[in-house]
Enquirer: 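Dropping a structure here in structure tokens format, bear with me for questions.
Letters A, B, ... are given to chains in the order of the sequence lines, protein chains preceding strands, and every chain is numbered from 1. The figures here come from the full heavy-atom set of this structure, side chains too, leaving out hydrogens, waters and symmetry mates.
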Amino acid sequence: MSNQDLAQMFLDIADILEIKGVQWEPRAYRKAALTISTLAVDISDIYRQGKLMELEGVGPSISKSIEEYIKTGKMSKYEKLKKEYPIDFTGFRKIQGLGPKRAYALYKELKIRNVDDLKAALEKNKIRGLEGFGEKSEEQLKHNLESFMKVREERKMLGYAIDYFEDIVGRMRKSELFEDVEIAGSARRMKETVGDLDILATSKRPKEGMEFFTKLKDINEIIVKGDTKTSVKLSIGLNCDLRIVDGKCFGAAMQYFTGNKDHNVKLRKIAIGKGLKLNEYGLFRGDKSIASHTEKEVYNALGMDLIEPELRENTGEIEAAQKRSLPVIIGYDQVISDLHTHTLDSDGANSLEEMIAGAQRLGHKYIAVTNHSKSLRIANGLDEARFSSFNKKIEKINESSGIKVLKGVELEILKDGSLDLPAKVLREMDFAIGALHQNTKMPRKELTDRLLKAIQSGLINAVAHPTGRKIGEREAFDLDFQKIFEACKSNDVSLEIDGYPERSDLPFDLVKEAKSYGVRFSLASDAHRTDQLRFIRMATAIARRGWLEKKYVINSLDYRQFLKLKR
DNA sequence: GCCGTTTTCGGCCCGACTGTTTTCAGTCG
């Protein structure tokens, strides 16, 4: 049982109620599902503390359902509805363009209950011709089935999983059964999505260590269990491998199990070229190990500088390390601000004061509060008057607060490239981020020109989540990024690196490309609630994966220097 | 079903887009 499972059940309930034509309950269940799925802690912990009702969107009825589910593993409301509508809504939700109503229509007409049934029906072209479906719907379903299933099913977003991972590792460290416990694999490389968790440890009592590990509460199922390697299924639905290695070769093992594969293949080739052999136990000349204790030793012995885990993608980092020309990438502690956040004045869940306190807890020196502008009505965007009074509130707070607050806006770039607020209002802002949210399915040239017009306006400081992609949900905009990068450079407009897990936008490869144009970057959590402020770490990870030195990241400027950027 | 300095009852984001309609339903954000 996990937060995600519970959230999916509530979403199923919402879907079924919607099919039944129930008016408002679906919305309530969806809201509760959203709250639960973005929780940083296990829902059963909240239940034990008796604090279920304090969760946003959880009232008497839903909290009873949660309690029932935690206690019995079942939820009667869910079971009853599911019996009436035996449809795999959870699976269908992953397919774009297939909502509850159409899923029900497919079930009613063709007895399609799950994704496999759908696949079969699509192959036989059975769906075109159904009422409400035509040839195009069928083609679209085929396409979306292909392109969105995989990533959703097999990988998790690291931004959500990392605290859970570190909690597991933390409890292992506390047990004192291990000398070292570290995360390896793609999680260590801080990849946006991860397919499993690799943990590496050293221990004088490996049997007890393995025993302790398999009894952790997060482990649902043991796949294999041995003295040096154990594989389990975690409660969040990912596999996890724990390897216990000899302390003497911990560095070599970390190197080996951190990857990625291509990076390691190239290192092994280099080793062979030097008459050496590299494996998880060390770098060997004949039978003699010449480096294995630390990763640094291994890299140095191969004739190169240590390469940070975030860079290990075999995209030129090895060559740069050999030439001793790797960039000194920005450190997690050098990002001293968050430049894109929301409060409940637009679509956030916490007050300005709460968000400021949250940012202060993370050690930020300043924070830009960037609520939506008026045209994004879905997000309760602010108009001139509301911004004016909101900004006065910020000025008041800045008189006394230790942490500084920037007057910001996530500003709609309208269909014709004009901006959603007048220049006069924007000049009063400290930080304006232009954003595309609506009418984004334009032809490449039109959409590019629209964004260029905003960049050249002289009124925005940055471009929010530039590609607009959402991992596993929505593809990136069709934009001519070379033109965008050039314009950003010549107009001194930053590109945002949005650390909100689904966004992770700009993606690291584009960051690297943009850097070559001399563009600067603004890092942000895009937090809509205080516990999402932690996503700044994911933004920093992307900056590092994109080879950014400190000087490219405007969040590293101190408050005074930052204000000089003001347009 | 949840929520509350407009409310403990009566509201609950609503407009754009798409494909299927021949005036609209479903989905999305």
Enquirer: Among side-chain atoms of A:Ser235 and A:Tyr164, is any donor-acceptor pair under 3.5 angstrom?
Expert: yes
Enquirer: Applying salt bridge (Lys or Arg N to Asp or Glu O under 4.0 Å) between A:Arg30 and each of A:Glu18, A:Glu25, A:Glu56, report the one that passes.
Expert: A:Glu18
Enquirer: If the P atom of B:dG29 is compared with that of B:dT23, how far apart are they to the nearest Å?
Expert: 29 Å
Enquirer: Spell out, as yes or no, whether a donor-acceptor pair under 3.5 Å connects the side chain of A:Gln140 to the backbone of A:Lys136.
Expert: no
Enquirer: Side chains of A:Glu486 and A:Tyr517: is there a donor and an acceptor less than 3.5 Å apart?
Expert: no
Enquirer: Return the pairing partner of B:dT8 with a 3.5 Å limit on both distances, Watson-Crick or G-U wobble; otherwise return none.
Expert: none
Enquirer: Quick one: label A:Glu18 by what it contacts on the DNA or RNA (base, sugar-phosphate, nothing), any heavy atom closer than 4.0 Å.
Expert: nothing
Enquirer: How far does the P atom of B:dT18 sit from the matching atom of B:dC13, given to the nearest Å?
Expert: 25 Å
Enquirer: Heavy-atom nearest nucleotide on DNA chain B for A:Ala103 versus A:Glu138: which residue maps closer to 5'?
Expert: A:Glu138
Enquirer: Look at A:Lys20 together with A:Glu84 and state whether they make a salt bridge at an N to O cut-off of under 4.0 Å.
Expert: yes
Enquirer: NA contact type, A:Pro26, heavy-atom cut-off 4.0 Å: base, sugar-phosphate, or nothing?
Expert: nothing
Enquirer: Hey, which sits more toward the 5' end of DNA chain B by its nearest nucleotide, A:Gly134 or A:Gly97?
Expert: A:Gly134
Enquirer: Between B:dC17 and B:dT22, how many Å separate the two P atoms, rounded to a whole number?
Expert: 23 Å
Enquirer: Along DNA chain B, 5' to 3', what are the outermost nucleotides having an atom less than 4.0 Å from a heavy atom of chain A?
Expert: B:dG1 to B:dG29
Enquirer: For B:dC2 versus B:dT8, give the span between their C1' atoms, rounded off to a whole number of Å.
Expert: 12 Å
Enquirer: Would you measure the distance from the P atom in B:dT6 across to the matching atom in B:dG1 and give it in whole Å?
Expert: 27 Å
Enquirer: Which ones in residues 43-66 of chain A lie close to DNA chain B, meaning a heavy atom under 4.0 Å from one of its atoms?
Expert: A:Leu55, A:Glu56, A:Gly57, A:Val58, A:Gly59, A:Pro60, A:Ser61, A:Ile62
Enquirer: Applying the salt bridge (Lys or Arg N to Asp or Glu O under 4.0 Å) test to A:Glu192, which of A:Lys470, A:Arg503, A:Arg469 qualifies?
Expert: A:Arg469
Enquirer: Can you find a side-chain donor-acceptor pair between A:His465 and A:Glu410 that sits under 3.5 Å?
Expert: yes
Enquirer: Can you tell me how far P in B:dT27 sits from the matching atom in B:dT21, rounded to whole Å?
Expert: 15 Å
Enquirer: Measuring only the P atom in each nucleotide, how far is B:dC12 from B:dT7? A whole number of Å is fine.
Expert: 15 Å
Enquirer: What distance, rounded to whole Å, do you find between the two C1' atoms, one in B:dG11 and one in B:dA16?
Expert: 25 Å
Enquirer: With no hydrogens and no angle check, just 3.5 Å: does a side-chain donor-acceptor pair link A:Asp480 and A:Thr448?
Expert: no
Enquirer: Taking the six-membered ring for Trp, are the ring centroids of A:Tyr552 and A:Phe521 within less than 6.0 Å of each other?
Expert: no
